[in-house]
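Below is one structure; the comments refer to it alone.
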Amino acid sequence: MRGVDTDVASITKSFVNHVQTSLARQASNLDDLGAYQAAALSVRDNLILNWNETQLTYTRKAPKRAYYLSLEFLMGRTLDNALLNLGLKDQYKDGVQKLGFSIEDLLDKERDAALGNGGLGRLAACYLDSSASQELPVWGYGLRYKYGIFQQLISPEGNQLEAPDPWLDNQNPWELPRLDVSYEVRFYGQAERLNDGTPRASWTGGQEVLAVAYDVMIPGCYTKTTNNLRLWESKPKRGFDLNSFNAGNYEGAVESSNSAAAITSVLYPNDHTTFGKELRLKQQYFWTAASLADILRRFRNLGKPITEIPDYIAIQLNDTHPTLAIPELMRILIDEEDLDWDKAWNIVNNTVFYTNHTVLPEALEKWPVPLMEHVLPRHMQIIYDINLFFLQAVEKKFPGDRDRLGRMSLIEEGFPKQVRMAHLACIGSKKVNGVAELHSDLVKTTILKDFVEFEGISKFGNVTNGITPRRWLDQCNPELSDLISKTLKVEKSVWLKNLDKLEEILPFAEDARFRKEWAAIKQRNKERLAHYVQTTLGLTINTHAMFDVQIKRLHEYKRQTLNILGVIHRYLTLKAMSPEARKKVNHRVVFFAGKAAPAYYIAKLTIRLIVNVARILNADPDTKEYLTVYFLPDYSVSVAEVLIPASDISQHISTAGTEASGTSNMKFCLNGGLLVGTVDGANIEIAESVGESNVFFFGHLTPDVEDLRYQHLYHPIPIEEKCPALANVLNKISEGMFGDGGVYEPLLNTIRQIDHYLITDDFDSYIAALAMVDEAYLDKTEWIKKSIRTVAKMGKFSSDRAILEYAESYWNLEAVSIAK
């Protein structure tokens, strides 16, 4: 198969051809958006040829494949990533320049795909990149959200406002509609057992919706392997009702269309309403049912017996959202393939794998039994059957232990009863893993302790998360990537796919010339961030100050509240100083970014506090030279790509034992930012790798947390006595220093009363850690050495290492080379 020519002349010819034929425009009258679309379509031509060759190879060789089911895929922008992975960035830069455009301007015209919100979705995106780069036959399955999570706006009062994210307003050149690939998905109706001596049932009636496929190509780095992310869009089986329209019932004419389209309208519909909860359940089943139908269609084309499914298919559940794949696969095997129960369960149990992402009991997904019976009556029958056989096995091993049966049951008693999805994922999977060493240990000793005792420790493992160095170093920090290549005297194609080679830059920490180049790159990254803030918010930043960054979705356990309270404490300390004393203080610029769930009142109050603290501090003539704060709205992968390379420190300050892993901590450290954090999640393994002298730890340890919470409940100490510095900060907020103090009382009361996330216990230690940061930053030479040492020891945290662990230890998957 002849490839696309990639010399500059051929690129310009392809570009102009797409302008004239694909876009039906004239090259002489083309804006940057049109030029971006033409460039993207030209690059896509390369991807399509590689994609076709990859799929042909998989069809011909019939390897075992893995399918990664994730409700989020936070992909970020695609054009720059595709150019870098294809090794065509320089050619396209020259090509579009000859046509009068700047590649940087074109890259800025791409809006991030609104297919995710936080670390769960970005992890999935990194794993797809690594799978293709390591030539593993892995497909992703997700949903094609029309609006994604939401576009975040900030009101004049500092409140988060949510607007639809218009990411699909313009043509999306990166997706291929597969209108010929569609499956019917049923909701509601009746499920009647056949009473023929088999476990089969007939599920009829209700609503039928079509799942239509859209494909997004995932190019590997310096390889022809191009895998696939298949996204499903919901459409009505029968669309416009002409009879209703002609009868004057205009709303009824489109009711079916609107009901179907709602399923893939937004990510995480607000489930605080009955309608939202039902929509969210429909969303999860729609996606898992369509994905399984597609996976099994591909398997059937092999002509193999249905019992060989585990030899050709591995299905990875990214958290509990796709857990309905377990009863759905059972339904297919029993009702459609006519297998007996034990054979069907054996297939499921050897095909499915489950990644747990939380140890917070309140975050473990549950669904009301009445809702499940209403929306998915057949699946509720199957879940009851699974539970019956499972509890019989538990009773046999632990006779008479009724408490254990209650704890392990898939059904949680109450009003209403709830289906425990984490329990279903656990017993239905071949292996279960956590995402950092501490997290995996906590999973085994807390939320899934009973299951470990029942099934044995070998089923439960750990795969520490990773990040792709292609996007999170080469793409977002190209100058640093170039310096590493020049220093190591190796091509990027070598070290970007074998990140352990970074360790070879370690001796250069003692090279003054290398340190000077390193520091200059950090300074230019700060200036790039300052330019971004100037052009988007109209604000000026001191680029010679320390840059302190915390970027995460807003949640109480992630403790953005602790950070902003620490900022206020610093401000009050500065205000109390004499002008002469202030001149000796380390200048600091603090950045926040992240979205709060629309119904999460306390998280939204935290954003309001941050915004209003920034308003006061940034205008105070006494202190603004030494301390400023910025909240950057509408956080995205693209915003992270500007923030992360500019950081001097980053904050990962969750209450110990609450953050499963984190991946932003890895991104910052890979870009030379030092870590300030609690002994939690992957912070621990990062410190083990880079050395504790290069991180700033604080706070209580995981074993202390429950005892401290117990003391808060039964032996509370007044906050003024326990932590006077924090009490002073809270009082200043209540007194109205940052606007109407009464507004913040619900937020402040979470600290003054229960303080579930231990802000009062960790505050003094946190302030002490920040003082250590200030002291260390005074020695600029040693600081740069710490930065270099940190980057050099980050090889372990490549998502290539993580995906290979899944392939070898979980999925039994082998690489498949695509002919050059």
Side-chain angles (χ1 to χ4, degrees), residues 118-119 271-272 356-366 412 422 436 438-439 442-443 445-447 449 550 552-566 568-569 592 594 596-597 599-610 651-662 677-681 683 697-727 729-731 733-734 743-767 769:
D271 61 359
H272 283 232
N356 173 280
H357 284 278
T358 184
V359 291
L360 301 178
E362 65 271 21
L364 292 174
E365 196 172 33
K366 299 171 188 174
E412 180 180 272
L438 173 65
H439 169 240
L442 287 172
V443 166
T445 55
T446 58
I447 57 171
K449 179 175 182 285
Q550 187 181 21
K552 298 173 183 291
R553 65 184 173 89
L554 268 288
H555 197 291
E556 287 169 273
Y557 87 82
K558 292 180 183 290
R559 299 204 296 190
Q560 285 93 346
T561 311
L562 176 61
N563 189 344
I564 194 60
L565 295 175
I568 296 169
H569 176 268
F592 292 87
Y600 198 164
Y601 179 59
I602 295 299
K604 293 174 85 168
L605 267 185
T606 304
I607 291 177
R608 179 167 179 163
L609 179 61
I610 293 167
Q651 300 208 25
H652 311 275
I653 55 177
S654 53
T655 310
T658 60
E659 183 70 85
S661 168
T678 46
V679 184
D680 196 29
N683 289 356
F697 273 149
F698 73 93
H700 287 85
L701 304 181
T702 301
D704 304 330
V705 170
E706 287 309 313
D707 286 343
L708 291 167
R709 285 173 175 163
Y710 179 86
Q711 289 174 25
H712 290 186
L713 281 172
Y714 299 106
H715 305 286
I717 300 171
I719 194 169
E720 289 77 11
E721 182 182 332
K722 186 174 186 179
C723 187
L726 177 58
V729 169
L730 300 183
N731 290 338
I733 298 170
S734 295
V743 168
Y744 301 113
E745 286 306 305
L747 170 62
L748 303 184
N749 286 339
T750 65
I751 301 166
R752 286 173 170 147
Q753 295 172 9
I754 302 300
D755 192 17
H756 186 71
Y757 295 106
L758 310 189
I759 288 174
T760 53
D761 298 280
D762 283 352
F763 188 79
D764 288 340
S765 175
Y766 174 61
I767 298 302

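- Counting only heavy atoms from C-beta outward, the side chains of Glu556 and Thr561 never approach each other to under 4.5 Å.
- Taking 4.5 Å as the limit, every side-chain heavy atom of Arg559 sits out of range of all side-chain heavy atoms of Ser654.
- Atom-to-atom distance recorded for Asn731:CG and Leu726:CG is 9.0 Å, nearest 0.5 angstrom.
- Summarising the geometry of Leu562 relative to Tyr766, their closest heavy-atom pair is O-CE2, 3.5 Å, with the distance given to 0.1 Å.
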Candidate pair Asp761 and Val705, rule side-chain contact (heavy atoms from CB on, under 4.5 Å), full reasoning: CA-CA 10 Å; Asp761 298 280; Val705 170; over 6 Å; no
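- Summarising the geometry, atom CG belonging to Leu364 is positioned 4.5 Å from atom CD1 belonging to Ile447; distances are rounded to the nearest 0.5 Å.
- The distance from the CD1 atom of Ile653 to the CZ atom of Phe698 is 5.0 Å, given to the nearest 0.5 Å.
- Side-chain atoms of Ile733 and Leu565, non-hydrogen and from C-beta on, do get closer than 4.5 Å to each other.
- Counting heavy atoms from C-beta on, the side chains of His712 and Leu758 come closer than 4.5 Å.
- Between His555 and Tyr600, the angle of the ring planes goes over 60°, which puts this pair in the perpendicular group of the 30/60° scheme.
- Taken to the nearest 0.5 Å, the NE2 atom of His439 stands 10.5 Å off from the OG1 atom of Thr658.
- Between the side chain of Asp764 and the backbone N or O of Cys723, no donor-acceptor pair lies under 3.5 Å.
- Closest non-hydrogen pair, Ala660 versus Ala436, comes out as O-CB, 3.3 Å.
- Contact record, Thr358 with Ala363: OG1-CB, 3.7 Å, taken as the closest heavy-atom pair.
- For the residue pair Gly699 and Asp762, the shortest heavy atom distance occurs at CA-OD1, 3.5 Å.
- Atoms CG and CD, from Asp704 and Gln711 in turn, are 9.5 Å apart once rounded to the nearest 0.5 Å.
- With rounding to the nearest 0.5 angstrom, the CG atom of Leu748 is 10.5 Å from the CD atom of Gln753.
- Under a 3.5 Å cut-off, the side chain of Thr750 and the backbone N or O of Leu747 do form a donor-acceptor pair.
- Leu605 is not listed as a side-chain neighbour of Leu609, based on a closest heavy-atom distance of 4.5 Å or more.
- When Val359, Asp680, Asn683 are each tested for a side-chain contact (heavy atoms from CB on, under 4.5 Å) with Glu659, only one passes: Asp680.
- Closest approach of Pro746 to Val743, counting heavy atoms only: CD-O, 3.4 Å.
- A tilted orientation is assigned to the rings of Tyr757 and Tyr557, their planes being inclined by 30° to 60°.
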Worked verdict on His652 versus Lys552 for side-chain contact (heavy atoms from CB on, under 4.5 Å): CA-CA 9 Å; His652 311 275; Lys552 298 173 183 291; 3.1 Å; yes
Derivation and outcome, side-chain contact (heavy atoms from CB on, under 4.5 Å), residues Leu554 and Lys604: CA-CA 8 Å; Leu554 268 288; Lys604 293 174 85 168; over 6 Å; no
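- The side-chain heavy atoms of Glu745 and Arg752, taken from C-beta on, include a pair separated by under 4.5 Å.
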Residues Arg709, Thr655; criterion side chain to side chain donor-acceptor pair (under 3.5 Å); working and verdict: CA-CA 12 Å; Arg709 285 173 175 163; Thr655 310; 5.1 Å; no
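- In this structure, the side chains of Phe697 and Thr678 stay at 4.5 Å or more apart for every pair of heavy atoms.
- Under the 4.5 Å side-chain criterion, counting only non-hydrogen atoms from C-beta, Tyr744 is not in contact with Leu730.
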